[in-house]
Engineer: 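First the structure, then my questions, so here it is.
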Amino acid sequence: MLGDDQPSIDLASVVFTSRIGRDLIELDSLTLSSPPAAGSLSGMLAGGDLRLETGLTVDLAILAGQIPHTLNLQEGLRIGDGVLSLTGRVMSEQGRHRFDINTRVEGLAGAQDGRNISLSEPFTFRAVGSQDSDGLTLEQFSIESSFLRGRGQGDLTNMEVSLEADLGAALAEVKQFVALPDYPAKGRLTGSLKAKRNNESTVSVTAELASESLLVQQGDTVIIPGKPLQLSVVVDLPLSAELDFGGIDTIANPRLAYQSWLGNGSARADLFEVATSRLAGLSFSGQTDLAGLSALLGALGVLPKGLTMGGANSSSIALDYSGAGIELASLTSETSDFVLAMDGKAYRDKKVVIETSGKIDTGQRSLSLAPLHIDSVTGVIALERFSIGDWGAAGNTLSGSGQARFDIDTVLDVVADWYVLPPDVSTTGIVELTMAGAPAGDGQMSYDIAAELRNFSLAGRGAQIFSDETARIVLDGTREPS
């Protein structure tokens, strides 16, 4: 588990004194003493009441020397000083449980390649509160450091915790000591967590995250381009009879909203089952800048190199999700000024609208849509049904039926980067297709296609070859496995 680290403790001692009575267990003191750490514990259990006090001090220089690889320290770094101290107090009396936890890291310093480094400010954390029949009360919550600050207090009737972080300062501090992936980041992040009682059985919890200018890179590649970001998540959590969140099985009415350089949107669901991750009644609507999304996916290596998209997309989705798959009640996607480019060649369409509903079975790796409607400037595809029996062998398990209509001259316009008619040739016309296909067994595919060419005209070299002609082609057959 510790990999290349081989820690050892030269000398350690444990000393304790205690008293045990009929209704009393008292630990006067338990002390641990060793080179890397020293600690103490004392307490008492009498009837239903409990008191515990503990303290721990860790010498970070010795700890870093024992497990540098586990801590992922910078190569060649030697920690010369630093102390982690922890104190805690827990008291339980007549159904009321109090806690007071205090953590502090200070004096952390070392050297690397002849350069001295140190933590610019101590890091401190404290939480003081209680739990009783009225629920959780947070009397004090605080975090203090050079890059992260936090405050909080309240009870379940009205509780708020706020955090503020400077990402650039955080990375600068942490990277002095820890070898981190090359993800430079800048910007101030603010976050908050609010809880407010809805009624006797639920509490509404709101988490918010915001930045006025967030920049994240991967090496020299920009992932988030120094733009504003806002994110909000709201859930209604059930309270037990003891007014705590123990054993949460379902979350009612989860909601999410965001605004970013990619666009904005919101989602909500009727119910989320924690154990199964099932989402019932999930709906989403939002607007997305496809150029920004394309840049993000390209930077993350999701899109093939050289592939980019552009356009303004507006989408709405309604579905149920479970481990078995997705029941898609409806999907509507509308993209204006759509561009799909690869290696300097682009498909362009002024408007593309997709509407469908259906089912995705992740266990069977199958997809079934009915209907599927695609409307664009180049033409219309209207399928009564479309399915893939196994997307691992999609070419041999396709099934569907429907119609399509294309304008020849418009199609030639949008594929101009791939094909252009000779300068003295022109053509117009409408192609209407009726299609049906299905697996025929043994990996074969049967198909029936009827194509009708209407109002077809073709001119070339100063002569009119066809003028307002009509033609019909019917194909049927079987395709061998691919």
Side-chain angles (χ1 to χ4, degrees), residues 165 167-168 170-171 175 179-189 209-233 256-267 284-317 319 321 326 328 331-354 356 360 362 365 367 372 374 376-378 381 388 391-392 394-395 411 413-419:
L167 287 183
L171 289 175
K175 287 184 72 173
L180 297 177
D182 188 18
Y183 279 89
K186 294 181 180 179
R188 302 191 72 86
L189 279 174
L209 182 69
S211 176
E212 293 183 357
S213 178
L214 181 62
L215 172 66
V216 178
Q217 298 175 238
Q218 183 182 33
D220 295 329
T221 302
V222 175
I223 295 177
I224 301 178
K227 297 293 184 178
L229 172 68
Q230 292 183 345
L231 177 67
S232 173
V233 178
L256 177 145
Y258 66 89
Q259 291 185 336
S260 73
W261 78 103
L262 296 177
N264 60 83
S266 61
F284 166 83
S285 62
Q287 292 75 44
T288 304
D289 175 14
L290 293 185
L293 179 61
S294 172
L296 174 62
L297 296 178
L300 295 175
V302 176
L303 290 182
K305 190 174 182 179
L307 177 64
T308 61
M309 297 182 294
N313 175 265
S314 177
S315 297
S316 62
I317 303 171
L319 60 85
Y321 168 82
I326 295 173
L328 182 62
L331 180 150
T332 300
S333 173
E334 181 176 315
T335 304
S336 58
D337 299 320
F338 177 67
V339 179
L340 180 66
M342 182 71 178
D343 298 330
K345 296 181 179 180
Y347 168 84
R348 295 177 175 86
D349 206 308
K350 292 297 294 181
K351 187 176 182 180
V352 180
V353 179
I354 301 173
T356 191
I360 300 173
T362 54
R365 302 194 305 172
L367 166 71
L372 172 60
I374 303 173
S376 71
V377 172
T378 58
I381 299 174
I388 300 175
W391 56 63
V411 171
D413 286 341
V414 300
V415 300
D417 285 351
W418 287 273
Y419 177 77

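Reckoned from all heavy atoms, side chains included, excluding hydrogens, waters and symmetry mates.
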Engineer: In chain order, what residues pass the side-chain contact (heavy atoms from CB on, under 4.5 Å) check against Val353, with sequence neighbours excluded?
Structural biologist: Glu334, Lys351, Glu355, Asp375
Engineer: For the pair Asp349 (side chain) and Ser376 (backbone), establish whether a donor and an acceptor sit closer than 3.5 Å, ignoring hydrogens and angles.
Structural biologist: no
Engineer: Within the distance-only criterion (no hydrogens, no angle test), does the side chain of Ser213 pair as donor or acceptor with the backbone N or O of Gly226 below 3.5 angstrom?
Structural biologist: yes
Engineer: Could you list the residues that satisfy side-chain contact (heavy atoms from CB on, under 4.5 Å) with Ser336, not counting sequence neighbours?
Structural biologist: Ala312
Engineer: Quick one: side chain to side chain donor-acceptor pair (under 3.5 Å) partners of Thr335, sequence neighbours excluded?
Structural biologist: Asn313
Engineer: Is it true that a side-chain atom of Ser260 and a backbone atom of Leu262 form a donor plus acceptor pair closer than 3.5 Å?
Structural biologist: yes
Engineer: Closest heavy-atom contact between Phe284 and Ala267?
Structural biologist: CD1-CB, 4.1 Å
Engineer: Take Leu328 and Thr356, measure what side chain to side chain contact (heavy atoms under 4.5 Å, CB included) needs, and give me the verdict at the end.
Structural biologist: CA-CA 8 Å; Leu328 182 62; Thr356 191; 4.1 Å; yes
Engineer: Atom CD1 in Ile224, atom CG in Leu214: separation rounded to 0.5 Å?
Structural biologist: 4.5 Å
Engineer: Please collect all salt bridge (charged side-chain N to carboxylate O under 4.0 Å, His left out) contacts where either partner lies in residues 211-233, sequence neighbours excluded, each pair once.
Structural biologist: none
Engineer: Run the side chain to side chain contact (heavy atoms under 4.5 Å, CB included) test on Ile360 and Trp391 for me, step by step, so that the C-alpha distance in whole Å, both residues' side-chain angles and the decisive distance to 0.1 Å come before the verdict.
Structural biologist: CA-CA 11 Å; Ile360 300 173; Trp391 56 63; 3.8 Å; yes
Engineer: Please round to the nearest 0.5 Å and tell me the distance separating atom CG of Leu231 and atom CG of Leu256.
Structural biologist: 5.5 Å
Engineer: Are the side chains of Ile381 and Leu372 in contact, using a 4.5 Å heavy-atom criterion?
Structural biologist: no
Engineer: For the residue pair Ala210 and Gln230, what are the closest heavy atoms and their distance?
Structural biologist: CB-CG, 4.2 Å
Engineer: Would you call Asp413-Arg348 a salt bridge at under 4.0 Å N-O?
Structural biologist: no
Engineer: For the OH atom of Tyr347 and the OG1 atom of Thr378, what is their distance to the nearest 0.5 Å?
Structural biologist: 3.5 Å
Engineer: Provide the closest heavy-atom pair for Val222 versus Ala299 in the form atom of the first, atom of the second, distance.
Structural biologist: O-CB, 3.9 Å
Engineer: Testing Leu307, Leu303, Thr308 for side chain to side chain contact (heavy atoms under 4.5 Å, CB included) with Met342, which one passes?
Structural biologist: Leu307
Engineer: Considering only residues two or more places apart or on different chains, which pairs with a residue in residues 337-346 satisfy side-chain hydrogen bond (donor to acceptor under 3.5 Å, both in side chains)?
Structural biologist: Asp337-Lys350
Engineer: Mind checking what makes side-chain contact (heavy atoms from CB on, under 4.5 Å) contact with Leu180, not counting sequence neighbours?
Structural biologist: Leu171, Val174, Lys175, Val178
Engineer: To the nearest 0.5 angstrom, please state how far the OG1 atom of Thr221 sits from the CD1 atom of Ile223.
Structural biologist: 7.5 Å
Engineer: Check side chain to side chain donor-acceptor pair (under 3.5 Å) between Asp289 and all other residues, then give those that pass, not counting sequence neighbours.
Structural biologist: none
Engineer: Please report the C-alpha distance between Ser315 and Ser285 in whole Å, then the side-chain angles of each, then the deciding distance to 0.1 Å, and finally whether the side chain to side chain contact (heavy atoms under 4.5 Å, CB included) criterion is met.
Structural biologist: CA-CA 6 Å; Ser315 297; Ser285 62; over 6 Å; no
Engineer: Rounded to the nearest 0.5 Å, how far does CG of Leu209 lie from OH of Tyr258?
Structural biologist: 15.0 Å
Engineer: Which residues satisfy the side chain to side chain donor-acceptor pair (under 3.5 Å) test with Gln218, sequence neighbours excluded?
Structural biologist: Tyr183
Engineer: For Arg188, what residues pass the side chain to side chain donor-acceptor pair (under 3.5 Å) criterion, not counting sequence neighbours?
Structural biologist: Glu164, Asp166
Engineer: By side-chain contact (heavy atoms from CB on, under 4.5 Å), which residues pair with Ser314, not counting sequence neighbours?
Structural biologist: Gln287
Engineer: Can you check whether Trp261 reaches Pro228 side chain to side chain, under 4.5 Å on heavy atoms?
Structural biologist: no
